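Since the structure comes first, as C-alpha cells, the remarks are kept for the end.
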Amino acid sequence: MTEAEYLHTTRTVYDAVAVDYEKLLRDELDDKPLDRAMLAAFAELVRAAGLGPVADLGCGPGRVTAHLSSLGVDVFGVDLSAEMIAVARRRHPGLRFEQGSMTALDLADNTLGGALVWYSTVHTPPELLPKVFAECHRVLAPGAPLLLAFKVGDLRRPLGQAYGHELPLTLDVYWLAPDHLAALLNESGLPVDARLIREPDASEKPRQGQQGFFLTHKPTES
Ligand SMILES: C[S@@+](CC[C@H](N)C(=O)[O-])C[C@H]1O[C@@H](n2cnc3c(N)ncnc32)[C@H](O)[C@@H]1O
C-alpha cells in the first residue's frame, strides 16, 4: 500500500466513525489501570523534563489528550481525520486540536516536550513506520519522552466493520512483534527505555491479543 492510499483510507474511515468511536471509547481508560500507569509515568517524565508542550499524535476524539491534561500536562492533539478533530474540539473545548499527519507534521524541529502515539500507528503499513518515527524524532526536543501504544502480534487484519459501522473502505490493522518495533524505533534514534506487554482484558477478548506500550526518548546527544 502506498502512503497516499494509507492516508486516504484511514482519513475516510475515521471521518465516518468519529462520532460513534467517541461514544464507545469515551470511558475506556477507566477500566485499564496498567494503561493509565504508563500514561502517568509518561506524564511524570514530561513534567520533570519541562521541555515544552506534548503532542498527542493521532489523538482521535481527544480522550487521551484530555486524560494527560488532567495529569497536569500541557498537551494538544493532532489527527488526520477532520471529523475526529471536530468531535475532539466539541468534547474538549478547553484543549487545542489540529488536523495534520504524523508523516509530515506542521511543527518545528526540537520543539515538543513529549509525544504520545496511542494506537495511532496501528494502520500505518510497517514499511512507512521509519518515516513516522523519523518525524517524531525531528519534532521532539532532545531529552523528551515518547509513549507508544500498539497491538502485539505479527499480522495484518483487514477490517470491514468497526464501531457499529460498515466501513466505507477496508482498513488494515497491523499487529507488530515488540522486538521488530523496538528495532525500528532504535534505528530512528528513539531507544526504548521500558516495555509493558499486557494480556487482553475482558473488554478486548476474544478478538484482541496482547497490548504493548513502549516508553522511548530522544537522546540529548543525537
Ligand atoms: C485507533 S484510533 C486511536 C485514536 C486515539 N489515540 C485514541 O486512543 O482514542 C487511530 C487514530 O489515528 C489517526 N491516524 C492514523 N494515521 C495517522 C496519521 N498519519 N496522522 C495523524 N493521525 C493518524 C486516525 O485518524 C485515528 O483517529
Side-chain angles (χ1 to χ4, degrees), residues 1-32 34-36 38-39 42 54-69 73 75-89 91-92 95 97-107 112 114-136 138-139 146-151 157 159 161-165 167-169 171-176 203-204 207-208 211-214:
M1 177 182 284
T2 65
E3 179 178 337
E5 286 166 342
Y6 141 64
L7 294 175
H8 173 71
T9 303
T10 306
R11 187 185 294 121
T12 303
V13 166
Y14 279 99
D15 277 350
V17 304
V19 168
D20 289 319
Y21 180 103
E22 192 280 325
K23 282 185 195 149
L24 283 168
L25 296 190
R26 183 179 291 177
D27 301 321
E28 197 215 21
L29 276 176
D30 292 357
D31 299 323
K32 298 192 184 301
L34 294 171
D35 304 20
R36 291 201 312 277
M38 291 303 279
L39 288 163
F42 173 70
V54 166
D56 180 358
L57 301 172
C59 61
R63 66 194 180 102
V64 191
T65 328
H67 182 75
L68 280 181
S69 178
V73 173
V75 59
F76 64 97
V78 176
D79 202 280
L80 201 52
S81 156
E83 289 303 320
M84 279 295 200
I85 292 297
V87 170
R89 286 178 179 157
R91 180 94 184 125
H92 307 289
L95 296 176
F97 296 96
E98 305 291 348
Q99 194 178 3
S101 175
M102 288 186 287
T103 51
L105 290 164
D106 187 16
L107 295 169
L112 288 183
L116 180 70
V117 181
W118 196 257
Y119 293 110
S120 45
T121 50
V122 295
H123 308 299
T124 311
E127 64 273 18
L128 291 177
L129 285 174
K131 179 169 185 177
V132 168
F133 295 154
E135 194 58 356
C136 291
R138 180 183 72 75
V139 297
L146 181 150
L147 177 61
L148 180 98
F150 64 101
K151 294 176 184 300
R157 174 177 278 178
L159 270 189
Q161 295 180 320
Y163 313 112
H165 288 255
L167 301 183
L169 295 168
L171 182 67
D172 287 334
V173 183
Y174 296 92
W175 301 25
L176 294 179
S203 72
E204 292 157 347
R207 277 186 61 77
Q208 301 291 325
Q211 307 296 310
F213 306 86
F214 281 179

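What's counted below: heavy atoms across the whole structure, side chains too, no hydrogens, waters or symmetry copies. Counting convention: from 1, in listed order, for ligands and their atoms alike. For clarity, every value in this text was computed on a predicted model and none was experimentally measured.
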_Quick check for you: to the nearest 0.5 Å, what is the distance between Leu105 atom CG and Cys136 atom SG?_
6.5 Å
_Tyr14 contact mode with ligand 1 (heavy-atom cut-off under 4.0 Å)_ = side chain
_Among all protein heavy atoms in this structure, tell me which lies nearest to atom 19 (N) of ligand 1, with the distance rounded to 0.1 Å._
Tyr6 OH, 2.8 Å
*Identify, for atom 20 (N) of ligand 1, the protein heavy atom at the shortest distance, and state residue, atom and that distance.*
Met102 N, 2.9 Å
*Specify the protein heavy atom at minimum distance from atom 14 (N) of ligand 1: its residue, its atom name, and the distance to 0.1 Å.*
Ser120 O, 4.0 Å
_If the contact criterion is a heavy-atom separation under 4.0 Å, does Ala18 count as touching ligand 1?_
no
*Compare all side-chain heavy atoms of Trp118 with those of Asp35 and state whether any distance is below 4.5 angstrom.*
yes
*Give a yes or no on whether the backbone of Leu80 and the side-chain of Gln99 come within a donor-acceptor separation of less than 3.5 Å.*
yes
*asked:* Using a 3.5 Å distance criterion without hydrogens, assess whether the side chain of Arg11 forms a donor-acceptor pair with backbone atoms of Ala82.
replied: no
*asked:* Measuring from non-hydrogen atoms of Val78 to any atom of ligand 1, is the shortest distance under 4.0 Å?
replied: no
*Just how far is it from atom CZ of Arg89 to atom CD of Glu98, taken to the nearest 0.5 Å?*
5.5 Å
*Any nitrogen or oxygen of Val64, main chain or side chain, under 3.5 Å from a nitrogen or oxygen of ligand 1?*
no
*asked:* One residue to check: Cys59. Relative to ligand 1, which of side chain, backbone, both or neither has a non-hydrogen atom less than 4.0 Å away?
replied: backbone
*Quick check: does Leu25 get an N/O under 3.5 Å from an N/O on ligand 1?*
no
*Within the structure, does Met84 bring an N/O atom to less than 3.5 angstrom of an N/O atom in ligand 1?*
no
*His92 NE2 to Phe97 CZ distance, which is reported to the nearest 0.5 Å*: 5.5 Å
*asked:* Would Asp56 count as a polar contact of ligand 1, with the cut-off being nitrogen or oxygen pairs under 3.5 Å?
replied: no
*Approximate separation, where rounding is to 0.5 Å, of Tyr14 OH and Ile85 CD1*: 13.5 Å
*Heavy-atom contacts under 4.0 Å between Leu57 and ligand 1: side chain, backbone, both, or neither?*
neither
*Does ligand 1 have an atom under 4.0 Å from some heavy atom of Asp79?*
yes
*Atom CE in Met38, atom CG in Leu116: separation rounded to 0.5 Å?*
11.0 Å
_Return the closest protein heavy atom for atom 22 (N) of ligand 1 as residue, atom name and distance._
Leu80 N, 3.2 Å
*Does the N or O separation between Tyr119 and ligand 1 drop below 3.5 Å for any pair?*
no
_Going by the closest heavy atom to atom 9 (O) of ligand 1, which one wins out of Arg63, Glu135, Glu83?_
Arg63
*Would you say the side-chain atoms of Thr2 pair up with the backbone N or O of Glu5, donor to acceptor, closer than 3.5 Å?*
yes
*Flag the pair Lys32 and Glu204 as a salt bridge only when some basic side-chain nitrogen lies within less than 4.0 angstrom of an acidic carboxylate oxygen.*
yes
*Counting from 1, what ligand 1 atoms have a heavy atom of Gly100 closer than 4.0 Å?*
20 (N), 21 (C)
_ligand 1 atoms in contact with Leu7 (distance to a heavy atom under 4.0 Å)_ = 19 (N)
*Within the structure, does Tyr21 bring an N/O atom to less than 3.5 angstrom of an N/O atom in ligand 1?*
yes
_salt_bridge(Glu22, Arg26) N-O dist < 4.0 Å_ = yes
*Taking atom OH of Tyr163 and atom CG of Asp20, what is their separation to the nearest 0.5 Å?*
11.0 Å
